[in-house]
Amino acid sequence: MSELRFDNRVVIVTGAGGGAYLLSRQGASVVVNDLGGPRAGDGKGEHKAADIVVNEIVAAGGKAVANYDSVEDGDKIVETAVKAFGKVDIVINNAGILRDKSFARMTDEDWDLVQRVHVRGSYKVSKAAWDIFQKQGYGRIINTTSAAGIYGNFGQANYSAAKFALHGLTLTLAREGAKKNIHVNSIAPLAASRMTETIMPPEMLAHLNPSFVVPVVAYLTHESTKENGGLFEVGAGFVSKLRWERSKGVVFKSDASFTPGSVASQIGKIEDFSKEVQHPQSIAEVDWVGLLDVAKSLKSNPEGPNLRFDGKVAVVTGAGAGLGRAYAHLFAKYGASVVVNDLGTSHSGTGTGHNAADVVVNELRALGAKAVANYDSVEDGDKVIETAIKAFGRVDIVINNAGILRDKSFVRATDADWDLVQRVHLRGTYKILKAAWPHFLKQKYGRVVNTTSAVGLYGNFGQANYSSAKAGIIALSNTLALEGRKSNIIVNTIAPNAGTRMTATVMPPEMVEALKPDYIAPPVAYLCHESNTSHTGGVYEVGSGWVAKVRQQRSGGYGFPVNGKLTPEQVASKWSEITNFDDGRATYPTTTGESFMAVQGNFENVAKESEPLSGKQLSFSPVEFEYGERDVILYALGVNAQRNELNLVYENADPFICIPSFAVCVGFNSQMQVPFGDLLPNFNPMMLLHGEQFVRHIKPLPVSGKFTNIAKIIEIVDKGKSAVLVVGVTTKDAVTGEVYIENEYTNFIRGSGGFGGPTKSVRTGASVASNDPPQRPADLVVVEKTPENLAALYRLSGDYNPLHVDPEMAAMGGFKVPILHGLCSYGIACRTILREFGGNNPASFKTSKVRFAKHFFPGETAEIHLWKEGSSVIFQVKVVERNAIVISNAAVELQGEWATKPAPKKSKL
Ligand SMILES: CCCCCCC[C@@H](O)CC(=O)SCCNC(=O)CCNC(=O)[C@H](O)C(C)(C)COP(=O)(O)OP(=O)(O)OC[C@H]1O[C@@H](n2cnc3c(N)ncnc32)[C@H](O)[C@@H]1OP(=O)(O)O
C-alpha cells in the first residue's frame with residue numbers, strides 16, 4: 001500500500017487536535033486552531049495548546065501556523081489558512097467542550113454554550129471553507145460526533161444533541177459536495193477525555209489514545225477516499241461504520257379504523273427487524289405507491305385495545321394546522337385536554353381574524369373537548385407549559401411538532417437561515433421539554449413525541465440547517481429516554497412524511513388522501529399512551545399509513561492491535577472489512593455502554609510480533625538554541641532563586657552566572673523532534689513522565705550564547721506496562737563547534753510498554769551509575785519551600801508541557817493538580833549544590849544525575865539531603881508535606897578545587 005501523502009494540502013484542525021502532527025508528517029501544511037491565545041503585552045505570548053503543536057511541527061521540519069480564534073469565528077480561521085498557505089483543502093472540526101448535567105439540572109447556558117461551540121462552531125468553519133472548496137473543486141471535512149450523539153447518554157442532553165446535529169450537517173454537506181469532489185464524514189472517537197470521568201486505570205486510558213483515531217481521520221480526508229456522508233466509531237484500534245437500518249414496518253389502511261389501538265396491536269411487527277429490513281441512503285427510498293397498493297388491498301385495520309386519554313393533558317406545538325392540528329384532534333377525540341400552541345396570527349386568508357391556534361381550539365371545543373390556545377414561540381417553552389398548568393393543573397404529554405424551513409444550498413444559506421432553523425427546531429424542542437420536565441419528574445409520568453424528519457436521518461440537498469437540527473432532536477430524545485425511564489417518562493421520535501410537505505400536484509389523488517396528517521397521528525398517540533411503558537428511545541418513520549422503525553446498525557469493523565502503531569495506510573488496507581455490513585458480524589448497539597463493549601473487546605488484541613525499532617529514525621537534524629541574560633535569570637527564578645541570590649538573578653552582579661543545570665534547557669528543544677508516537681505504541685503525551693536526567697557539563701555555559709543541538713535516541717526499554725525512552729542531546733557552540741554539554745533525557749511513558757522490546761537497559765557508565773546515600777545522617781540538609789506558581793514560572797524556560805499548568809491535562813495524566821517539572825526540582829537541587837559545595841562557580845560541575853522517583857506538587861516543601869562522598873555530592877529530595885522521596889539516586893560530581901572540599905556545616909543561604 002503506497003503512502004497516503006498530503007503534500008500541497010492545507011488542513012485546518014480546530015481544538016488543536018492530534019491530527020495535526022500526523023497530517024503534517026505526511027506533507028500537509030497545518031493551521032492549528034485553539035482558543036488559548038497569546039497574553040497581550042509581553043510580545044512572546046503564552047504558549048497554549050496551539051503553540052505547542054505548531055512549535056513541535058515546525059521543529060520537526062513541518063509547516064504550521066497557530067490560530068487562536070473561537071470556532072464561532074470560523075471565517076477568521078479559514079482566513080489564517082488562506083493568508084499563510086493560500087488555500088484550504090481539509091477541515092477537521094474537532095473543537096468541543098462539555099457541560100454534563102442531568103436534564104433537570106441543566107441550565108440554558110449549559111445548553112447554549114455546548115450548541116454554540118460544537119454545532120455553530122463546526123458550521124461556521126465549514127461554511128467559511130465551503131466557497132473555497134466549491135471553487136477549487138476539492139474539499140474534505142471531518143465532523144466530530146460522539147457515541148453520546150448516536151445513542152444518547154445520561155447527563156448529556158446538550159452534548160448528545162449537538163453531536164448528532166453535527167452528523168446531520170455531515171449528511172447534507174456530503175450530498176451537496178459530492179459533485180465538486182467535496183467529501184464530508186463524521187467520526188465518533190472514543191478518546192481518553194471522555195473516559196476520564198469514569199475513572200479508568202491508566203493502562204486502559206492509554207488504549208484510548210488519539211493515535212488510534214488520527215489515522216482514520218487521515219484516511220477519510222485523503223484525496224483517494226471515496227467515503228462520503230459516513231459515520232464511523234473509532235477508538236482503541238477498533239474502527240467500524242454505522243448506518244440506519246429500517247424495519248419493513250406495517251402498512252395500515254388509511255381510514256377510520258387506523259386508531260392508536262390498531263397501532264398497539266401491531267407494534268411488535270412494526271419493530272420486527274428479523275426480515276426484509278432496508279438500509280436507506282436517502283429520503284427518496286420509500287416506495288409510496290407500492291405502500292399505497294398494499295393499503296388498498298387491506299379491508300380494514302385490526303381493532304386493538306380502546307386507548308383513551310381521559311384526564312391527561314397534552315401540549316401540541318405548531319398545532320394551528322397540518323400535523324399538529326391532526327394530533328390535537330386525535331388527543332381530544334380520545335378524551336385528553338389539549339393546549340394548542342401556534343405562533344401564527346391569522347389562519348391563511350380565512351379573514352376571521354382568528355389566531356390559527358384559536359381556530360383549532362374552537363374546533364375541539366365544538367367537539368366537546370377541553371382545549372386552550374397558546375401563542376408563544378416554542379423558544380419560550382416555559383410559557384407554553386405554563387398555559388397547560390394554568391388551564392388544567394398538569395401536563396402529561398408533549399408533542400414537539402412546530403417547525404419552519406429555510407431551504408437553501410449551503411453555499412447560499414446565511415447565518416440567519418442557520419440560526420433560525422436551529423432555534424425553532426432544536427432549541428424550541430429543548431425549551432418545551434425543559435419546562436415540562438420538572439412536572440414529569442414530580443408526577444412520575446410523562447410522554448413525549450419529538451419530530452425529526454427523513455432529512456434528519458439521511459440528509460437532503462439544500463437542507464443543511466434542517467437536517468442538522470432534526471438529527472440533534474433524535475439524540476436529545478434518546479438522552480431524555482434514558483434519563484426519564486425510571487420516572488415513567490417515555491420519549492420517542494417520529495419522522496413524518498405527510499402531505500403538508502409533499503406537493504400534491506405530482507401525486508395521484510388517493511395518495512394525497514393517504515398522506516393526510518390524520519394518518520400520522522395514530523402512532524404518535526399510541527406512543528404517548530400510558531399503556532406504552534417500554535417503547536422508548538425509538539425513531540419511527542411514519543406516513544401514508546405506514547409505520548416503520550429505524551435503528552443503528554454497526555459493521556463488525558476491524559480491530560487493529562493495541563500494541564502496534566496504527567497508520568493511515570493500514571486503515572486503508574482494511575477499509576472493505578471496516579465498512580462491510582454483510583459478513584454476519586454487524587451489531588446493533590443501543591447505548592454508549594454497548595457501543596463501548598466492542599472497543600473494550602479490542603483491548604486484548606495484542607499483536608504477537610511488534611514492529612522492530614530498527615529502520616526507524618534514530619537521530620535527528622541539528623536544531624539551534626539561542627539565549628540571553630534574560631533567559632538565564634528567568635531560569636534561575638524558575639528554579640526558585642531568591643532576589644538576594646544576586647549572582648543568579650541580576651545581570652550586573654559580579655559575577656553574574658548561569659546555573660549549570662540550565663544545560664537541560666539548552667538541549668531541550670531538539671528532544672521535541674523525537675516522534676514518540678511513531679516509536680511507541682499507545683503514546684499519549686500526558687502519560688509521559690520525566691524519569692531520569694543525566695548531564696555531562698563539559699564546558700560551563702556562558703550567560704548568553706548560541707548553540708546547536710543534535711538529538712539521537714539512545715535506547716528504548718520495554719518495562720512491560722511502560723516504556724523508557726532515552727534521548728541523548730549533544731550541544732555544541734554554534735560557531736566554533738566546541739562541545740559544551742551532553743544531556744540524556746530519560747522519558748518514562750506509562751501505558752506504552754508491552755511492545756516486545758528489550759526489557760533491560762544496556763547502558764553503562766556515569767549516566768546509569770547508582771548513587772545510594774551512605775549509611776550516615778546527611779552532611780547537610782537544606783529546606784526550601786516552593787511557591788505554588790513555580791511550575792507556571794519554570795515552563796517559560798522552554799518546557800511548555802501542559803501537564804504542569806493545565807488542570808484538565810494533569811487529570812488526564814492521573815494527577816489531581818498540575819505537577820512540577822522534574823527538571824525544576826533537579827534545578828533547585830543543583831542551585832543548592834552550586835552554592836553550598838561549588839562556590840557558586842559553574843565550572844565546579846562535572847556531571848549531574850537524578851532519578852525522579854515521585855511527583856512533586858508546586859507549593860510543597862523540598863528537604864534536600866546532601867552527602868559529600870569523594871568528589872561527588874550524593875543527594876535525595878524529600879517532600880516534607882507527604883514525607884515522599886521525589887528525587888533519588890542522584891549525584892553531582894564536582895571537579896577542580898571543589899572536588900576535594902569537605903561539606904559545609906550549615907547552609908550558606
Ligand atoms: C514530547 C517531548 C518530550 C517532553 C519531555 C518533557 C517531559 C516533562 O515535562 C515531564 C515531567 O517533568 S514529569 C514530572 C517529573 N517526573 C515525575 O514526577 C515522575 C516521578 N516518578 C514516578 O512517578 C515513578 O517513578 C514512575 C511512574 C516513573 C515509575 O513508577 P513505577 O511504575 O511504580 O515504577 P516501578 O514499578 O518502581 O519500576 C518499574 C521499572 O521502571 C523503572 N523506573 C522506575 N522509576 C523510574 C524512573 N523515574 N525513571 C526511569 N525508570 C524508572 C524501575 O527501575 C523498574 O525497572 P526494572 O523493572 O527494570 O527494575
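Sequence positions, counted from 1, serve as the residue numbers for this chain. Any value given below was found using the heavy atoms of this structure, including those in side chains, with hydrogens, waters and symmetry copies removed. One-based numbering, in listed order, for ligands and for the atoms of each.
- For the pair Lys699 and Tyr740, the distance from NZ or CZ to the six-membered ring centre is under 6.0 Å and the angle to the ring normal is within 45 degrees.
- Centroid-to-centroid, the aromatic rings of Tyr627 and Phe662 come within less than 6.0 Å.
- Between Phe676 and Phe683, a ring centre-to-centre spacing shorter than 6.0 Å is recorded.
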Quick one: side chains of residues 726-733, donor-acceptor pairs under 3.5 Å with protein atoms, not counting sequence neighbours, listed by atom name and distance.
{"unit_1": "Thr731", "atom_1": "OG1", "unit_2": "Asn709", "atom_2": "OD1", "d": "2.6"}
{"unit_1": "Asp733", "atom_1": "OD1", "unit_2": "Val735", "atom_2": "N", "d": "2.7"}
{"unit_1": "Asp733", "atom_1": "OD1", "unit_2": "Thr736", "atom_2": "N", "d": "3.0"}

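- Residue pairs meeting the salt bridge (Lys or Arg N to Asp or Glu O under 4.0 Å) criterion with at least one member in residues 683-697, sequence neighbours excluded, are Glu692-Arg851, Arg696-Glu742.
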Give every donor-acceptor pair under 3.5 Å between a side-chain atom in residues 804-815 and any protein atom, sequence neighbours left out.
{"unit_1": "His804", "atom_1": "ND1", "unit_2": "Ile819", "atom_2": "O", "d": "2.7"}
{"unit_1": "Asp806", "atom_1": "OD1", "unit_2": "Glu808", "atom_2": "N", "d": "2.9"}

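- Contact shell of ligand 1 (protein heavy atoms, cutoff 4.0 Å): Phe668, Gln671, Met672, Phe676, Leu688, Leu689, His690, Gly691, Glu692, Lys719, Asn747, Phe748, Lys760, Asp799, Asn801, His804, Ile819, Leu820, His821, Gly822, Arg851, Phe852, Ala853, Lys854, His855.
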